[in-house]
Amino acid sequence: MSPCRSRVLTVLALAAAALLPLAFTAPVAQATPLLSGGLVDLGCATSHARFHCLGKAIKSPDGPGPMTVTNPVGLAPADIQAAYGLAGKSAAGRTVAIVDAMDAPTAEADLAVFRSKRGLTPCTTANGCFKKVNQNGAASPLPAGDFGWAEEISLDLDAVSATCPDCHILLVEANSADTDPLMTAVDTAANTPGVVAVSNSYGGAEDGTITAADAHLNHPGIAVTASSGDSGYGVSWPASSPYVTAVGGTTLTKAAGTPRGWTEKAWSGAGSGCSTIEPKPAWQHDTACANRTVADVSADADPASGLGIYDTYNSCGTSSFCDFLIALGLAQGADGWVQVGGTSLSSPIIASVYALAGTSVNAGSYPYAHTSGLNDVTTGSNGSCGGTYLCTAVAGYDGPTGLGTPNGTTGF
């Protein structure tokens, strides 16, 4: 570190310490979604990795880091279940598998806090509800810990819990965010007894190397979901694979006085478009793309209408000063409740709906034959594509939201 940067950090630390008695005597407590002037990517995008996770958090007003608070924020499990017609439904012990890269050492402990604070029953290793394994299915050795991927893992685990409280959860951690480790993890997840859905909340640019990996996503009878992206109009893989359900994103808003009680529009950050290399599945019939079109279905992904998650794996500890360093971007990870979104949220939501439905599926084909079980999203866009459905929500199928969002489980 340069002497100049060292002096700057010292001054910031001293200033922060002086302000602590004022800044943290009244912790922020929120029961509704936070609103702020910006978003921050979860810190799991690394220059040397093939893929990055597709989650975003509400940015702190104090700096470039995420806003961390001491009490639950964002949408609650009851909100997710009400919005998608899932209240009272049971997965009957079926398992949703989460595939991510790197280890989250505090994953089970953080999940316990989330579920306790949100009034959900425990989901632990001891009671058989939760299990964490490496990419080969063994309890050890686990990959190295990573602060950014730990946030993604908390997002995924909490999203499954919020959508399907009685789902069992299998967390499979790949050794790195590269093709071979992640696809090994997908195979491990799909081959584990009891698993009916596998969620993949990561993506990367399409290129000529990824079609050879498609076979690892081909697991007939099991729903494999993949996030469509967080950068607006444009296609990423594995969402473009013909063997997955590509999950786009919406902005979910309460609408009192309407029959549903909620409205949705296409989230501006959701990925969509026409694949340059993947063939069109037989069950997809839109006309402006000769190849695979993304997405198939969608769910809430806008961090402004996002889920509150709980994560404590960070580089600085548990103090209020640590929270301040995280907000300033001088420490990594999170230390409490963070409001998140991105299609990293919508993918595990949809995987959980598949688990609630309990239907044997063939790639992403099932919703196309059961559109009456979906909420059609007809407004919003995610970029510029000449005004076509590839980037603009319209009646029926469109790129950003696919066929729509869950209206109960009959579409899955």
Side-chain angles (χ1 to χ4, degrees), residues 44 50-51 53-54 91 93-104 107-108 111 123 125 128-143 146 149-150 152-161 163-164 167-204 210 213-227 237-239 241 243-247 343-364 412:
C44 50
R50 174 71 175 81
F51 299 100
C53 69
L54 294 169
R94 291 183 283 269
T95 300
V96 174
I98 297 297
V99 171
D100 281 313
M102 314 308 294
D103 181 38
E108 185 169 1
L111 177 63
C123 184
T125 301
C129 175
F130 176 75
K131 186 175 183 180
K132 179 170 76 168
V133 298
N134 63 24
Q135 66 185 39
N136 298 310
S140 65
L142 295 171
D146 183 271
W149 279 101
E152 173 62 45
I153 288 169
S154 289
L155 189 170
D156 292 333
L157 301 182
D158 294 353
V160 173
S161 296
T163 309
C164 178
C167 278
H168 289 193
I169 305 173
L170 172 67
L171 171 60
V172 186
E173 297 180 334
N175 288 342
S176 72
D178 293 297
T179 307
D180 288 346
L182 284 167
M183 293 303 99
T184 296
V186 170
D187 287 332
T188 292
N191 292 326
T192 299
V195 169
V196 297
V198 181
S199 178
N200 303 272
S201 290
Y202 53 85
I210 50 90
D214 277 330
H216 297 282
L217 301 165
N218 184 15
H219 293 282
I222 294 174
V224 181
T225 65
S227 303
W237 189 91
S241 170
Y243 298 114
V244 309
T245 297
V247 186
T343 53
S344 275
L345 173 59
S346 57
S347 178
I349 288 176
I350 295 299
S352 301
V353 177
Y354 272 117
L356 287 167
T359 307
S360 179
V361 299
N362 175 29
F412 298 87

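Position 1 is the first residue of the sequence; numbering continues from there.
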Exercise. Run the side-chain contact (heavy atoms from CB on, under 4.5 Å) check on Lys132 and Asp103 step by step: do they pass?
Worked result: CA-CA 9 Å; Lys132 179 170 76 168; Asp103 181 38; 2.9 Å; yes
Seminar exercise, completed: Nearest heavy-atom approach of Ala107 to Ile153 is CB-CG2, 4.2 Å
Exercise. Which heavy-atom pair separates Pro238 from Gly203 by the least distance, and what is that distance?
Worked result: CD-CA, 4.1 Å
Seminar exercise, completed: Closest non-hydrogen contact found for Leu54 with Glu152 is N-OE1, 4.0 Å
For this session: List in chain and number order the residues that pass side chain to side chain contact (heavy atoms under 4.5 Å, CB included) with Ala189, two or more places apart in sequence or in another chain; answer none if no residue qualifies.
Result: Ala97, Val99, Val172, Val198
For this session: Using side chain to side chain contact (heavy atoms under 4.5 Å, CB included) as the criterion, list what pairs up with Asn136, not counting sequence neighbours.
Result: Asn134, Thr184
Exercise. Which atoms form the tightest heavy-atom contact between Ser176 and Leu182, and what is the distance?
Worked result: O-CG, 3.9 Å
Problem set entry | Worked check of side-chain contact (heavy atoms from CB on, under 4.5 Å) between Asp187 and His219 | CA-CA 8 Å; Asp187 287 332; His219 293 282; 3.0 Å; yes
For this session: Mind checking salt bridge (charged side-chain N to carboxylate O under 4.0 Å, His left out) for Asp158 and listing every partner two or more places apart, or none if nothing turns up?
Result: none
For this session: Under the side-chain contact (heavy atoms from CB on, under 4.5 Å) rule, what do Val247 and Ser199 come out as? Steps first, then yes or no, please.
Result: CA-CA 10 Å; Val247 186; Ser199 178; over 6 Å; no
Contacts table for residues 352-361: side-chain donor-acceptor under 3.5 angstrom, sequence neighbours left out:
from   : atom 1 : to     : atom 2 : distance (Å)
Ser352 : OG     : Pro348 : O      : 2.7
Tyr354 : OH     : Thr245 : OG1    : 2.9

Seminar exercise, completed: Distance col, row Leu171:CG vs Glu108:CD, nearest 0.5 angstrom, shows 10.0 Å
For this session: Would you indicate whether the side-chain heavy atoms of Val186 and Asn200 approach each other to under 4.5 Å?
Result: yes
Problem set entry | Distance in Å, Glu173 CD paired with Gln135 CD, rounded so as to fall on 0.5 Å steps | 10.5 Å
For this session: Could I get the full list of salt bridge (charged side-chain N to carboxylate O under 4.0 Å, His left out) partners for Lys131, not counting sequence neighbours?
Result: none
For this session: Please list, chain by chain and in numerical order, all residues satisfying side chain to side chain contact (heavy atoms under 4.5 Å, CB included) with Asp214, sequence neighbours excluded.
Result: Thr211, Leu217, Trp237, Ser241, Pro242, Tyr243, Glu278
For this session: Give, for atom NE2 of His216 and atom CD1 of Ile210, the distance between the pair rounded to the nearest 0.5 Å.
Result: 12.0 Å
Seminar exercise, completed: Value for OG (Ser161) from CZ (Phe130), rounded to nearest 0.5 Å, stands at 9.5 Å
Seminar exercise, completed: Of all heavy-atom pairs linking Ser344 and Cys53, the shortest is OG-C, 4.2 Å
Problem set entry | Heavy-atom closest contact (Ile98 atom, Asp100 atom, distance) | CG2-OD2, 3.2 Å
For this session: Carefully, step by step, assess Leu155 and Ser201 under the rule side-chain contact (heavy atoms from CB on, under 4.5 Å).
Result: CA-CA 10 Å; Leu155 189 170; Ser201 290; 5.7 Å; no
